[in-house]
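Below, all heavy atoms of this structure are taken into account, side chains as well, without hydrogens, waters or symmetry copies. Order of the sequence lines fixes the chain letters, A, B, ..., with proteins taken first and strands second; residue numbering starts at 1 for each chain.
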2 protein chains.
Amino acid sequence: MSSIKEVARVAGVSVGTVSNVLNRPDMVAPETRDRVLAAIAQLGYVRNGSARQLRAGRSRTIAVVALDLANPFFIDVLSGVEAAAQRDKLTVMVFNSSKDADREARLLEMLEEQRPLGVLITPVNDRGQRERLDRLVSRGIPVVLFDNSSRLSHGCAVAVDDVLGGRLAGLHLRERGHRRIAFAGGPFTVRQVEDRRDGLAGVLTADETLTVIPLPDLNVATGRTAGQKIAEMPPATRPTAVFCGNDLVALGVLQELTQRGLRVPDDVAILGYDDIDFAAAAAVPLSSIRQPREQLGHTATVMMLEEANQGSRHQHRHVIFQPELVERTSTAAMRTEPKAAEAAT
Amino acid sequence: MSSIKEVARVAGVSVGTVSNVLNRPDMVAPETRDRVLAAIAQLGYVRNGSARQLRAGRSRTIAVVALDLANPFFIDVLSGVEAAAQRDKLTVMVFNSSKDADREARLLEMLEEQRPLGVLITPVNDRGQRERLDRLVSRGIPVVLFDNSSRLSHGCAVAVDDVLGGRLAGLHLRERGHRRIAFAGGPFTVRQVEDRRDGLAGVLTADETLTVIPLPDLNVATGRTAGQKIAEMPPATRPTAVFCGNDLVALGVLQELTQRGLRVPDDVAILGYDDIDFAAAAAVPLSSIRQPREQLGHTATVMMLEEANQGSRHQHRHVIFQPELVERTSTAAMRTEPKAAEAAT
DNA sequence: CCCGCATTATGAAACGATTCAATCCGCCCG
DNA sequence: CGGGCGGATTGAATCGTTTCATAATGCGGG
């Protein structure tokens, strides 16, 4: 209700002085400052953010556009972002694109008008909002992608080497003696998923079989359908190990297999991706390919702030993290022969 | 970079006309409009949100301050909010207080400056930011609490009757023949948790025992410690059923019990709260007390918008939803005698 | 005793959009 | 032929800050 003008009037000073009290308190005389502060308290004055930002041209909030907040992976990334933002007293605001390209488009449009300090985003798909993102950048709003975006020519990005992740998965499962391996995941238009599968496929030799179980999405529900398909395969040809597109899928597969009487890892081993907290906490603790989730968010934020400060002198960078295997029970050494699968449901 | 003035110059019209093209397109002559639109396209002009909001005084975004984004419950509530917001083309921005009162305070401070259209919040604790919330309201920003806030005298709120939820839980477990029941949850400074426990305690009779396992927080990890405690109790006095403060705890309990060789529900039944998707998808599908999550968010948003439109003529309301029992396997009828618990660990 | 400097305070000019009273213009009708 | 009407357009005022050149004040030194 009350503006800086009111405060000035009540304190008997000019608006400039009030502004100084707010922004450079030590360039105003102590007693004047006290008078102004008293007026502020008396009126319950609060700065108007819009006016402030209009004048300043830049905001103090950074926007995160998450692909799917229902996936704990993004929540962890978010912690990293918040940690980095806290240092500079920046506010983090989160938007959820829910894997919906239209929604994403609307959000970006809004952000273009709002002009946050920077944007961190996992785009719904590769080409999608390419030009809209470019427009943000050309307006001086740094954009950092959480994305394996080596194919994108410009802009900063942080990512995890998903091909390597897939490879680690494959090597681990082979080493455990598995020869029939399944990959459960999709859609393959999502780069990460494609890469994980390709990494896995790349390390398999001729005498090993790879069964791909395509899924329309990566969540617990689709994981269960994958589990169902696996359980229904004849034991003689059933894969002895499943590498899942992410941990949600792995959880679904685990739950379905368990319910149908198949033992994990004895009958079927399961390997997830992301290493979310639920993975370690599952009924059978899940082995998983860990992504440095908080660090991903942290690094992206730092890069973004760098770009925001350096302005045009900024050099874009791509930081690629290495994933690592976390071994738990779900891929432990088998107690029975790999081939001797038991009857199920 | 380019403002409305540039556009006006390029199109050869006044700024007022450009503004009209943007806001009331049909009160400007078609050919003028086309000229303006062309200029806009040519310059890549985008409205400046801050200026817009400064002038308008009100924003088109609603702020949600979630208590804990890591709990899928809030993500579901969020969907409800987004659904309601979409109708009016409003943007939803999410903030995470992470159960941290300081963080919450900083967020509210920031929101006071930013002046969103409205605020939906689950406060960290009852008394906490009371006056800060009041200040928002007195500034004309409607605040709706997701909270059983019957004790709060003013402001709108939506909530679920947690005492009833606890009662439903108790009645169900008794009906299933359980006489030794545990409640796992905390902290009891959180109203919801307190109410759930009290509801449960209220329906138990003298010959039934209630063991409270206090937890510092409601998540999978604390759930596991609760599970551990239960597993280590002597079978003769061990509770035959656990009612958990929420589903995350229930998942933790389930996983720990399962790993220690106790069967669910035969040795110990488990009942959760919230009915998040993970509950139905657990290795042993969890019975749970369902809260209408999306509807909670939806209703809160509608109430908030109502208040935003009606202004001072608005009558605050408290909407209390009824929770309901969802029966699944984790509290199914026991195959063995309730007293005859098996050896564990 | 006066000048100049340091310290404070001032107020007008932005920032970019919206709004609204005023103006303009063409046309119809008396 | 002129008044009036209505649709289209204008441009100045406004929102609340921040900034910056300028002014005022006080004080010490030459």
How is [X] classified with respect to the nucleic acid when contacts are heavy atoms under 4.0 Å: base, sugar-phosphate, or nothing?
X	value
A/Val46	sugar-phosphate
A/Thr17	base
A/Ser19	base
B/Val18	nothing

Before accepting this row, confirm whether a basic side-chain N of the pair B/Arg317/B/Glu306 lies closer than 4.0 Å to the acidic partner's carboxylate O. yes
Do the charged groups of A/Glu109 and A/Arg106 touch, with an N to O distance under 4.0 Å? no
Using a 3.5 Å distance criterion without hydrogens, assess whether the side chain of [X] forms a donor-acceptor pair with backbone atoms of [Y].
X	Y	result
B/Ser98	B/Asp100	no
A/Thr301	A/Gly297	yes
B/Glu104	B/Val124	yes
A/Ser19	A/Val15	no
A/Thr299	A/Gln295	yes
B/Gln53	B/Arg115	yes

Given atom [atom1] of [X] and atom [atom2] of [N], what is their separation to the nearest angstrom?
X	N	atom1	atom2	answer
B/Arg33	D/dG7	CZ	P	15 Å
A/Ile4	D/dC15	CD1	C1'	13 Å
A/Leu22	D/dT17	CG	P	8 Å
B/Arg24	D/dT9	CZ	P	13 Å
A/Lys5	D/dT17	NZ	C1'	10 Å

Start and end of the DNA chain C segment that chain B contacts, any atom under 4.0 Å from a heavy atom: C/dG16 to C/dT19
Given D/dT9, D/dT19, D/dA12, identify the nucleotide with an atom nearest to the side chain of B/Val15. D/dA12
Distance check: side-chain N/O of A/Asn48 vs OP1/OP2 of D/dT17, anything under 4.0 Å? no
Under a 3.5 Å cutoff, is there a donor and acceptor pairing between the side chains of A/Asp134 and A/Ser138? no
With a 4.0 Å heavy-atom cut-off, tell me which residues in residues 49-63 of chain B come close to DNA chain C, sorted by residue number. B/Ala51, B/Arg52, B/Leu54, B/Arg55
